[in-house]
Number of protein chains: 2
Amino acid sequence: MTLMSDARRGAITQDIKTAAKFEGCDPEFIRKGIAEGRIVIPHNPIHKFSKIFAIGEGTSVKINANIGTSKDFVNVDEEIQKAKLAEKYGADAIMDLSTGGNLKEIRRKIMDSVDVMIGTVPIYQAGVEAINKVGSVVEMTEDHLFNAIESHAKDGVDFMTVHCGVNKESVQRLKRQGRITNVVSRGGSFLAAWILHNNKENPLYAQYDYLLEMAKKYDFTLSLGDGMRPGCIADATDRPQVQELIILGELVDRARAKDVQAMVEGPGHVPYNQIAANMQIQKTLCRGAPFYVLGPLVTDIAPGYDHITGAIGGTLAAVSGADFLCYVTPAEHLSLPTIEDVRAGTIASKIAAHAADLAKGNKRAWEMDLKMAEARRKLDWKAQAECALDPEMAKERRKKRMSSDDDVCSMCGPLCAIKLVNEYLKK
Amino acid sequence: MTLMSDARRGAITQDIKTAAKFEGCDPEFIRKGIAEGRIVIPHNPIHKFSKIFAIGEGTSVKINANIGTSKDFVNVDEEIQKAKLAEKYGADAIMDLSTGGNLKEIRRKIMDSVDVMIGTVPIYQAGVEAINKVGSVVEMTEDHLFNAIESHAKDGVDFMTVHCGVNKESVQRLKRQGRITNVVSRGGSFLAAWILHNNKENPLYAQYDYLLEMAKKYDFTLSLGDGMRPGCIADATDRPQVQELIILGELVDRARAKDVQAMVEGPGHVPYNQIAANMQIQKTLCRGAPFYVLGPLVTDIAPGYDHITGAIGGTLAAVSGADFLCYVTPAEHLSLPTIEDVRAGTIASKIAAHAADLAKGNKRAWEMDLKMAEARRKLDWKAQAECALDPEMAKERRKKRMSSDDDVCSMCGPLCAIKLVNEYLKK
């Protein structure tokens, strides 16, 4: 039995109750959404954690933080610190994308250090093992791939990115398109290269039924990866991207038929005016499956600030239907993120999710802002810090440049507008 | 003669030519826009500078950086460094909002240090002088106010924020509304308190014709301030705000009748779903006058990160009709910004303006992104840094965590998607 089959037979499980309580909604709303595939609760029963969240239509916007080692930087303690920091600042999920060091050990340590759902991209492990054993990612066997997936499932991973839509058809469309940046998804590139080199179909597509059996057995959620996501503004919403989305839509149908929860991943680099359309076609092509977007980044020219380009795109995406935002850090396009980058990325993504929740009239979100506004009216600086998404940052910045009048701030000092008008309105 | 009267008699002045060249448009388009009041080129003839820009309908989105001393931090050299840094990272205008130290001297030094249009808020000087001379901002005389404006005009200030719409009518609406944060505009608060204390009409409203005469004589541009802008999400788009906007719309008509260029300032704290409506009503109520927005900030709860909340709101505002974005720094709501805050604020605002330009199909903007995308495809890291909005940041971050393979970055290292697919697509 999977959570989806439970939901379909009308059961309000504990996970559904927990998720509904957080949303402040009727558990029946969540149950129905799961039964219909418009909501997922990624939770591999092997994995024990308490912050159980629903992702999808009618729920608050969730965010994910990617962490993990690379070949050049293998510092497990640092990655654990990143995971903890991301959780502290509001990440609802952590993806371990490690590609350097002992991947299994790192994954387990990260899972042990946080209390949220965990996602992974098992093809990274398969690819790295193929390189180590047979010299190249294109020599990866089907066994490498499915063994990695099963191993992650056994470790309790709650959701896995699987690039099932990078197949002969979408690769053909990629070749015809003549893109600027071709493929920028790591997993997508492994499979595109594999297909081109071996002239064989992507095992994750050819043997999708086997993948579904495994997902059903372990009850992990499929996150259908967008290997064809645009890597630059000029490639956005092009034929390979939309072709892959059509294929992913069919795969969503097949997952639902097997009681397997599935969400769909989305772009990427997208100009602002194309974001709403991207969200809308995902919802139609994939029959309302939860949409998990990376960014979208609204320009290519801001390396060092892509947490901002991602927050801009993420807000509009979430307002237009995206359910789950993958954070982007200031290190994107440049290097493996530092701990501070993870903090900046998490907060930026949280701002986007929260701004979208406000825009959609989420009551909890409005209460949070109202509390801050009241603290500001009262010039209550302690309360202001407590209401902040990053209390430490708010306190630290204020402290660094204090005013000599301690009820105001050093921007306006005695010319504080709030103070002045409060005084004269009272009279 | 003002630039507007020149434009109305059909003259294509040098400023119009310069601005049109930057936009890549027919100078006649700019001339017509100025004649009709939908475009402004703030340029006080006394002020010599070369970066002449048009602001308004059909032009690229411009950004402004606010700098200036406060009572607590009077460091003129630091403010000059801020102004220069803002210009370097793409600010199209600098506003000197100093309220501490020798205001006239600071203003002149800042104007001498940059090559862009300069804006000010003369009521700050009038208010500070009133406090120094007569003990309170509510004892400010009409002479204080108009003398400050004339003194700024004589110094060559190109545009001035004048809170003419904070009048008895809008203050009455404010009282009836029962707002959470009342007034958060500094200039607006001076005038609201002044009106309440003296039970007299705002001189900038009562003697608006005199203000127009002065603006005509010196040919500076009016920036009609939004003293009633919402200071929190809960106060957004309420009656005092919209009442003031109606009044400002009437004042735009009166400015146009006197050949005086005018733009209108806008919010503020606004939930994402109300931003487009705010831009649309400004354009109707003010007959298409250029709209200059501060943010908008899409949530109250991110002190320390308001450059991000402002960039999110600013992008949507600019896509929906705003022409000119005032930056917000990470110090907003907390303290006077540091030099690094100015850099972060300028880049964030530039990202918003650029993302909106891309969304509106601006050719130059698309060429910038295409150049970056091509540099990425080629893994040309030198070219990538050159294409970046902040080249120093891009270089520094990459350098801090280099990969051992110098053609890739330390995020993916040898697993670089672009490298892999470029290789197999070639075969």
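As the structure is a computational prediction, the values presented were derived from the model and not from experiment.
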**Message:** Quick check on B:Ser136 against chain A: is it the side chain, the backbone, both or neither that has a heavy atom closer than 4.5 Å?
**Reply:** side chain
**Message:** Side chains of B:Thr309 and B:Val328, heavy atoms from C-beta outward: is any pair under 4.5 Å?
**Reply:** no
**Request:** Examine whether an atom of B:Val171 lies under 4.5 Å from a heavy atom of chain A, and if so say whether it belongs to the side chain, the backbone or both; otherwise answer neither.
**Result:** neither
**Asked** Does atom CG of B:Asn199 have more than 12 heavy-atom neighbours from other groups under 6.0 Å away?
**Response** no
**Message:** Out of B:Val138, B:Asn273, B:Ile301, return the one with the most heavy atom pairs under 4.5 angstrom to chain A.
**Reply:** B:Ile301
**Fill in**
Highest number of heavy-atom pairs under 4.5 Å with chain B among A:Ser335, A:Cys232, A:Gly304 belongs to A:Ser335
**Asked** B:Thr338 versus chain A, heavy atoms under 4.5 Å apart: side chain, backbone, both or neither?
**Response** both
**Asked** Does the pair B:Leu415 and A:Lys71 meet the rule for a side-chain contact (heavy atoms from CB on, under 4.5 Å), with working shown?
**Response** CA-CA 9 Å; B:Leu415 304 179; A:Lys71 188 192 164 208; over 6 Å; no
**Item:** Contacting region of B:Leu196 [heavy-atom separation from chain A under 4.5 Å]
**Value:** side chain
**Item:** chain A contact via B:Val408 - which portion, at a heavy-atom distance below 4.5 Å
**Value:** neither
**Asked** Is chain A contacted by the side chain of B:Met411, its backbone, both, or neither, given a heavy-atom distance below 4.5 Å?
**Response** both
**Item:** Which atoms of B:Val319 approach chain A - backbone, side chain, both or neither, heavy atom under 4.5 Å
**Value:** side chain
**Asked** Heavy-atom distance under 4.5 Å to chain A: side chain of B:Ser404, backbone, both or neither?
**Response** both
**Message:** Please classify the contact of B:Tyr124 with chain A as side chain, backbone, both or neither, using a heavy-atom distance under 4.5 Å.
**Reply:** neither
**From CA spacing to verdict: side-chain contact (heavy atoms from CB on, under 4.5 Å), A:Arg186, A:Ile123** = CA-CA 9 Å; A:Arg186 225 165 8 176; A:Ile123 197 173; over 6 Å; no
**Message:** Can you tell me which portion of B:Leu316 sits under 4.5 Å from chain A's heavy atoms? Options are side chain, backbone, both or neither.
**Reply:** both
**Request:** With a 4.5 angstrom heavy-atom cut-off, could you sort out which part of B:Ile347 is near chain A: side chain, backbone, both or neither?
**Result:** side chain
**Fill in**
Honestly, the part of B:Pro391 sitting under 4.5 Å from a heavy atom of chain A is neither
**Prompt:** Do the side-chain N and O atoms of B:His269 and B:Asp235 include a donor-acceptor pair separated by under 3.5 angstrom?
**Reply:** no
**Asked** Is it the side chain or the backbone of B:Tyr305 that comes within 4.5 Å of chain A heavy atoms, both, or neither?
**Response** both
**Request:** In sequence, state the C-alpha distance, the side-chain angles, and the governing distance for B:Tyr89 and B:Glu392, and then conclude on side-chain hydrogen bond (donor to acceptor under 3.5 Å, both in side chains).
**Result:** CA-CA 11 Å; B:Tyr89 287 117; B:Glu392 291 78 16; 3.0 Å; yes
**A:Asp405 and A:Lys419: CA distance, side-chain angles, deciding distance, salt bridge (Lys or Arg N to Asp or Glu O under 4.0 Å) verdict** = CA-CA 12 Å; A:Asp405 303 318; A:Lys419 195 174 167 182; 5.6 Å; no
